[in-house]
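Below: the structure, in structure tokens.
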Amino acid sequence: MRSLYIIRGHLCRRLLARPPHIIKRHKFSGRIKSANKPNASSLPSTPARTRFAPSPTGYVHIGSLRTALYNYLLAKATGGQFVLRVEDTDQARTVLDAEPRLYEDLKWAGLSWDEGPDVGGPYGPYRQSDRLETYTKYAARLIDEGHAYRCFCTAEQLDEMRTISMREGNPSIYNGTCLPIPPDVSARRAANGEPHCVRFRCDHAPVVNDLVYKAYAKPGPEDNFIIIKQDGFPTYHFANVVDDHLMKITHVIRGAEWLVSTPRHVALYEAFGWTPPLFAHVGLLVNEEKQKLSKRHGDVDIASWRDRGILPATLLNYVMLLGWSFGKGVKGRDEVMSLDEMVSKFDLRFTKGDITVNQKDKFLQKEHVKRLARTGDPASFTGVLLPPVEAHIRKLETEWQECIRTEGADSSPAAREKLGPLVPLARPPRGDGADGDVVSRRYVEKLLRIDVEQYADAASFVLRNRYCIWTIRPATYRKALQREVAGVLELSTIPETPRTVSELVAMLRDILQEIGDDLWEQHSIKEAAAPFLSSVRARVERQVGGGVTFGTEAWGYALARWVVAASEPGPGIYCAMELLGKAETIRRMDVAHEIATAEALGGAAE
Ligand code: GLU
């Protein structure tokens with residue numbers, strides 16, 4: 001006799017179809033560029049030489065990537081050159097692997113440079129620690145011309161000076177003790193090995209004409225700041241100015257935190273009689289609490305974006321829009337740009353003031369993933385999307401294996417609670433696991449291709465597709481079935497034949513079993529299974545408002561999704577069956593059948 005299915009719980013079955021994703025359009029603000037009159041945001045008419053000049057005291061973060069990108073775009077948009085210069089004058093703070101990581105991270109992002117420490121160029125060397133002689137030479141020139149002087153004050157003397165100044169309510173700046181030392185005396189003391197630094201004689205702080213902030217005057221007097229430290233290394237200010245001049249840099253785009261230092265730089269240019277480059281200081285990136293983002297926050301380190309599976313195109317596009325905008329009237333979808341498109345659209349239309357980082361990366365990632373799916377570029381699939389997905393699967397699987405090894409197979413850490421062992425086809429083929437890989441690269445690549453449209457980041461992709469990667473545990477099936485049948489009064493197939501869940505599973509299994517092993521691909525599976533699935537109906541009771549309504553719903557696809565994916569979203573059901581392979585699909589039918597039978601009996605016994 002056909003077993004009865006007892007319906008438990010309330011009328012709570014959710015429709016399987018998900019609501020369409022709503023994409024928010026972003027508002028634009030910006031100045032309208034005059035058609036014929038060049039303004040501050042117009043590109044220069046001659047090739048610009050720009051540079052990215054990071055200090056290797058940490059890794060590239062979104063703020064520094066943005067600076068690099070803007071400089072890159074300006075150079076490329078004007079047919080100029082983009083220079084990479086490593087400013088490693090603060091030896092004590094230099095992080096050992098920061099320089100190699102710098103190259104790696106910038107290359108991953110898709111940026112390249114025309115000149116730099118690793119590629120050379122006509123104005124090298126491009127690492128400041130390799131240019132010490134140059135700085136000594138230019139400092140000597142300033143000393144000779146009376147623009148700079150040696151300072152022999154000790155740290156204790158300077159401290160004492162600062163305390164007195166502050167006590168008297170004066171600004172804490174150098175009081176010029178060593179300024180009157182006659183040049184010959186100063187030279188002799190230096191030749192005798194007396195420790196000293198070199199200070200710039202800064203008697204005024206010039207007004208800076210910035211492309212973004214316009215006329216900027218530093219509040220308060222300027223110090224006789226140090227240009228060569230006691231250790232013989234130049235300070236940032238000095239090396240930066242000497243190098244920008246010698247490397248023929250025409251434009252400096254950098255974060256607004258450097259604006260306050262720029263009067264010092266301009267004073268140095270004036271002392272040398274050099275023309276300064278044009279400066280554009282771009283708004284500081286701040287978080288929602290209006291605090292400055294810094295490279296100390298691991299979450300803004302670009303390697304963490306890469307490891308999460310964010311596309312380099314997404315990240316570049318995202319940072320591009322943090323402080324640069326189109327003119328008025330430009331539609332939101334035009335925000336989605338490849339690097340080449342950015343080059344063609346770029347001008348100096350920067351935003352003034354702090355810029356709060358936003359969530360636009362999610363929208364941009366979707367759009368760039370769509371583009372990638374359209375082009376299907378194999379290198380992007382295997383080179384960009386695949387590694388973080390593989391790494392995430394490897395991490396979960398390795399954690400699980402480790403857990404089994406140390407705590408026994410019964411341990412069930414939260415992350416793996418609902419997952420069984422890897423699907424057989426997802427295991428690396430014999431001999432392919434030599435590098436200790438735990439998952440088949442071919443399998444993961446196939447999964448990526450069938451579900452790429454839904455890819456947001458590696459972790460959410462693996463979560464969404466977990467049942468394509470790992471087998472489904474009976475408890476998961478059971479819970480999912482209970483949810484699926486809530487509100488279902490009776491199941492049937494056309495014409496009007498009542499069926500139980502286990503009967504339906506058995507029927508589907510028989511249909512699939514008939515498909516030849518060599519024909520196991522989505523189209524044949526669909527051809528065989530679709531007529532049956534579309535004949536499955538459910539008579540349901542639904543609670544609407546305060547009352548109850550009765551109706552009939554198609555239920556075949558709910559059934560198939562339950563068997564194949566424990567009712568979770570994922571790739572299309574036929575695609576998923578093809579990926580899992582015939583053996584695993586049939587195995588899932590068998591497990592599901594057993595569960596449906598047991599549940600029905602259990603229910604009847606209640
Ligand atoms: N070395 C400085 C930094 O780390 C460069 C600032 C500039 O671009 O002048 O950001």
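All ligand and atom numbering here is 1-based and tracks the order in the structure. In this chain, residues are counted from 1 in sequence order.
Against a heavy-atom cut-off of under 4.0 Å, Asn240 is close to the following atoms of ligand 1: 7 (C), 9 (O). Close contacts of ligand 1 with Ser55, meaning ligand atoms under 4.0 Å from a residue heavy atom, involve 1 (N), 2 (C), 3 (C), 4 (O).
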Intermediate values then yes/no, side-chain contact (heavy atoms from CB on, under 4.5 Å), Phe152 and Ile181: CA-CA 10 Å; Phe152 299 92; Ile181 300 175; 3.8 Å; yes

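Side-chain contact check for Tyr135 versus Ile227: every heavy-atom pair is 4.5 Å or farther apart.
At a heavy-atom distance under 4.0 Å, only side-chain atoms of Arg51, from C-beta outward, approach ligand 1. Proximity of Thr57 to ligand 1, defined as any heavy-atom pair under 4.0 Å, is not found for any part of the residue.
Other residues, nucleotides and ligands contribute more than 12 heavy atoms inside 6.0 Å of the CD atom of Gln91.
Residues that satisfy the ring-ring contact (aromatic ring centres under 6.0 Å, His included) test with Trp108, not counting sequence neighbours, are absent from this structure. Taking the ring-ring contact (aromatic ring centres under 6.0 Å, His included) definition, one finds that His265 meets it with Tyr236, His237, sequence neighbours left out.
For the pair Pro54 and ligand 1, the shortest N or O to N or O distance does not fall below 3.5 Å.
Of all the listed residues (Phe279, Tyr236, Phe52, Trp258), Trp258 holds the heavy atom that lies closest to atom 10 (O) of ligand 1.
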